[in-house]
Amino acid sequence: MGKLKNTGLIGLGVVAGIAVSLQFSAMAQKSVEPALPLEELRQLADVFGLIKSDYVEPVEDKKLLTEAISGMVASLDPHSAYLDKKAYAELREGSEGKFVGLGIEIGPSDEGYIRIVSPIEDSPAFRAGIKAGDLITRLDGQPVKGVSLEDSVKRMRGEPGTKVTLTIARQDEAQPLSFTITREEIHQKSVKSKMVEPGYAWLRVSQFQEPTVDDLAAQITTLYQQDPNIKGMVLDLRNDPGGVLQGAIGVSAAFLPKDAAIVSTNGQVAESKQVFYGRPEYYAFRSDGDALAKLPAAVKNVPLVVLVNTGSASASEIVAGALQDYKRATIIGTQTFGKGSVQTIRQLTADTAVKLTTARYYTPKGRSIQARGIVPDLLVDETAEGDGLNSLRMREADLQKHLSNDRDKESAKAAPVNDEMEEQLRIMALEKNRKPLEFGSKDDFQLTQALNHLKGLPVQLAKAEPVVVQADVKKDQKK
């Protein structure tokens with residue numbers, strides 16, 4: 001793939017954290033093979049000893065061993081990782097829909113800065129006057145250029161009551177702006193909705209968290225209170241990077257027949273070989289009720305469109321795949337990210353854990369999404385002029401050491417690198433001065449096309465002949 005993709009045009013919205021399809025459990029129960037690779041273990045001990053005796057300065061034993069564990073897990077695939085105390089706490093906060101920070105959704109910019117996708121309503125950043133489209137150029141006076149997005153996120157998070165100063169470049173402002181913002185606990189609502197036109201509702205899920213199913217049920221109920229005769233609904237999963245598996249099951253179950261199979265998983269251990277159904281025991285985090293039980297009956301049959309793009313990943317793809325397989329919704333947009341694996345959190349100590357890829361997941365019809373994604377029923381660009389920066393975002397298949405697809409028998413034909421680089425530069429030049437897209441606004445081209453489809457009007461399909469990314473299965477064809 002071209003260099004520009006590899007340097008950060010991922011474009012998945014980040015809310016001071018990262019979301020994947022997650023399950024939480026204790027340490028794995030599968031027994032370990034008794035025979036250990038003694039020669040390799042001796043080499044590890046020898047290297048440990050060499051570092052202790054010969055390295056330029058002393059290194060703590062704990063640091064060496066922790067880094068060895070981290071490197072071993074990280075070598076498996078892009079989504080497996082060792083979680084130290086801070087990383088484990090951040091992951092748990094993100095899955096619960098709360099974290100300590102500034103309250104901004106961010107992404108990379110082509111200038112090398114941090115682009116504000118959107119401030120979270122009533123967050124410290126929102127109250128300070130941070131706006132969508134702003135560029136963060138410095139954090140506490142230190143440049144962000146050359147710093148990874150993940151490291152910048154860590155610098156913006158911290159203890160409640162502490163402060164961080166953002167230097168902001170804003171279009172139409174001649175001089176940089178400075179904002180000193182006090183960190184606080186952010187409670188993020190992952191679902192929002194509105195009636196975009198009389199009879200037509202828009203329902204957006206920005207991330208799958210523990211409260212998502214409850215929030216979704218509340219939003220749908222409110223929509224039907226506003227209009228009991230909704231003619232069509234748009235479920236917007238664009239730039240939704242995923243989240244907890246139960247959220248995806250619950251969102252799918254809201255629109256599908258009772259007890260429908262939503263997703264299946266397959267891995268080495270018995271707990272990874274499962275079928276998940278649209279029942280409360282599969283999506284409810286509490287045993288005191290079913291959030292979907294009181295939904296209006298009409299939601300099971302309302303004409304439905306699901307909007308997706310390259311930033312729709314993991315749990316988003318579970319929902320889109322299930323609704324597509326049952327022909328319950330028309331999928332509109334661009335091919336999704338292609339993260340079809342489940343990460344299980346195996347707790348090691350009270351404060352540390354391993355996030356380990358334990359299974360691939362499959363749609364109800366048995367399709368593997370890994371390294372391929374969901375191909376929409378109707379391919380529609382991000383704007384009327386083309387797919388813009390969305391076409392430059394990295395997919396799962398672009399990631400080094402990505403897990404391969406075990407069912408797709410085709411391979412992608414890569415475009416010549418020089419031609420791809422030229423096309424990326426051309427798109428970036430065209431998009432440089434475009435106003436940041438606000439999902440759900442009157443300027444949202446893909447939403448307009450979704451509404452046209454629901455009304456039976458013509459839909460403007462993608463201008464260019466799309467290149468559908470196929471999965472690479474060479475590593476797993478013999479398994």
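Just so it is clear, the model here is predicted, and its values are computed rather than measured.
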May I ask you to test the [X]-[Y] pair for a side-chain heavy-atom distance under 4.5 Å?
X	Y	value
K339	H79	yes
Y82	L348	yes
Y326	P364	yes
L203	L216	yes
V263	Y362	no
T212	V191	yes
R360	I369	no
S316	F208	yes

[X]: what forms a side chain to side chain contact (heavy atoms under 4.5 Å, CB included) with it, not counting sequence neighbours?
X	result
K365	D325, T363
D381	D387, A462, K463
V213	Y283, A291, L292

Side-chain donor-acceptor pair present, Q343, S341, cut-off under 3.5 Å: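 Yes.
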
So, the side chain of [X] versus the backbone of [Y]: is there a donor-acceptor pair under 3.5 Å, distance only?
X	Y	answer
Q209	P211	no
S368	R407	no
R183	M156	yes
K355	L83	no
D444	G440	yes
E159	V100	no
S123	G103	yes
T222	A218	yes
S252	A248	yes
S80	L76	no

Residue pair D377, T330: steps toward the side-chain hydrogen bond (donor to acceptor under 3.5 Å, both in side chains) verdict: CA-CA 6 Å; D377 302 306; T330 301; 5.1 Å; no

From CA spacing to verdict: side chain to side chain contact (heavy atoms under 4.5 Å, CB included), L307, V234: CA-CA 7 Å; L307 284 176; V234 178; 3.7 Å; yes

Option passing side chain to side chain contact (heavy atoms under 4.5 Å, CB included) with F255 (candidates I220, L295, V319):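 Answer after filtering I220, L295, V319: I220.
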
Residue from I374, N309, V308, V380 passing side chain to side chain contact (heavy atoms under 4.5 Å, CB included) with T334: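 When side chain to side chain contact (heavy atoms under 4.5 Å, CB included) is applied between T334 and each of I374, N309, V308, V380, only N309 qualifies.
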
Within 45° cone of F439 ring axis and under 6.0 Å: R204 NZ or CZ: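 No cation-pi geometry.
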
Lys NZ or Arg CZ of R279 over Y277 ring: under 6.0 Å, within 45°: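 So R279 does make the cation-pi contact.
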
Residues R367, Q324; criterion side-chain hydrogen bond (donor to acceptor under 3.5 Å, both in side chains); working and verdict: CA-CA 11 Å; R367 292 184 292 155; Q324 188 178 53; 2.9 Å; yes

Pairs flagged by salt bridge (Lys or Arg N to Asp or Glu O under 4.0 Å) wherever residues 296-318 is involved - sequence neighbours left out: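 Non-adjacent pairs meeting salt bridge (Lys or Arg N to Asp or Glu O under 4.0 Å): zero.
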
Salt bridge (Lys or Arg N to Asp or Glu O under 4.0 Å) pairs, two or more places apart, involving residues 243-254: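 Sorted pair list comes back empty.
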
From CD (Q370) to CG (L403), nearest 0.5 Å: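 The CD atom of Q370 sits 4.5 Å away from the CG atom of L403.
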
S206: partners by side chain to side chain donor-acceptor pair (under 3.5 Å), with sequence neighbours left out: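 Scan of S206 (side chain to side chain donor-acceptor pair (under 3.5 Å), adjacent residues dropped) gives none.
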
Residues S190, Q207; criterion side-chain hydrogen bond (donor to acceptor under 3.5 Å, both in side chains); working and verdict: CA-CA 5 Å; S190 63; Q207 189 172 329; over 6 Å; no

Is [Y] paired with [X] through a side-chain N to carboxylate O contact shorter than 4.0 Å?
X	Y	result
D236	R238	yes
D61	K52	yes
R346	E271	yes

Which atom of Y361 lies closest to which atom of A315, heavy atoms considered: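 Taking every non-hydrogen atom into account, OH-N, 4.3 Å.
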
Closest heavy-atom pair and its distance - V299, A254: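 Here V299 and A254 meet closest at CG1-O, 3.5 Å.
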
side-chain hydrogen bond (donor to acceptor under 3.5 Å, both in side chains) assessment of T358 paired with T344: CA-CA 6 Å; T358 55; T344 301; 2.7 Å; yes

Side chain to side chain contact (heavy atoms under 4.5 Å, CB included) assessment of L149 paired with I114: CA-CA 7 Å; L149 196 63; I114 300 170; 4.1 Å; yes

Side chain to side chain contact (heavy atoms under 4.5 Å, CB included) assessment of W202 paired with L235: CA-CA 6 Å; W202 174 74; L235 176 61; over 6 Å; no

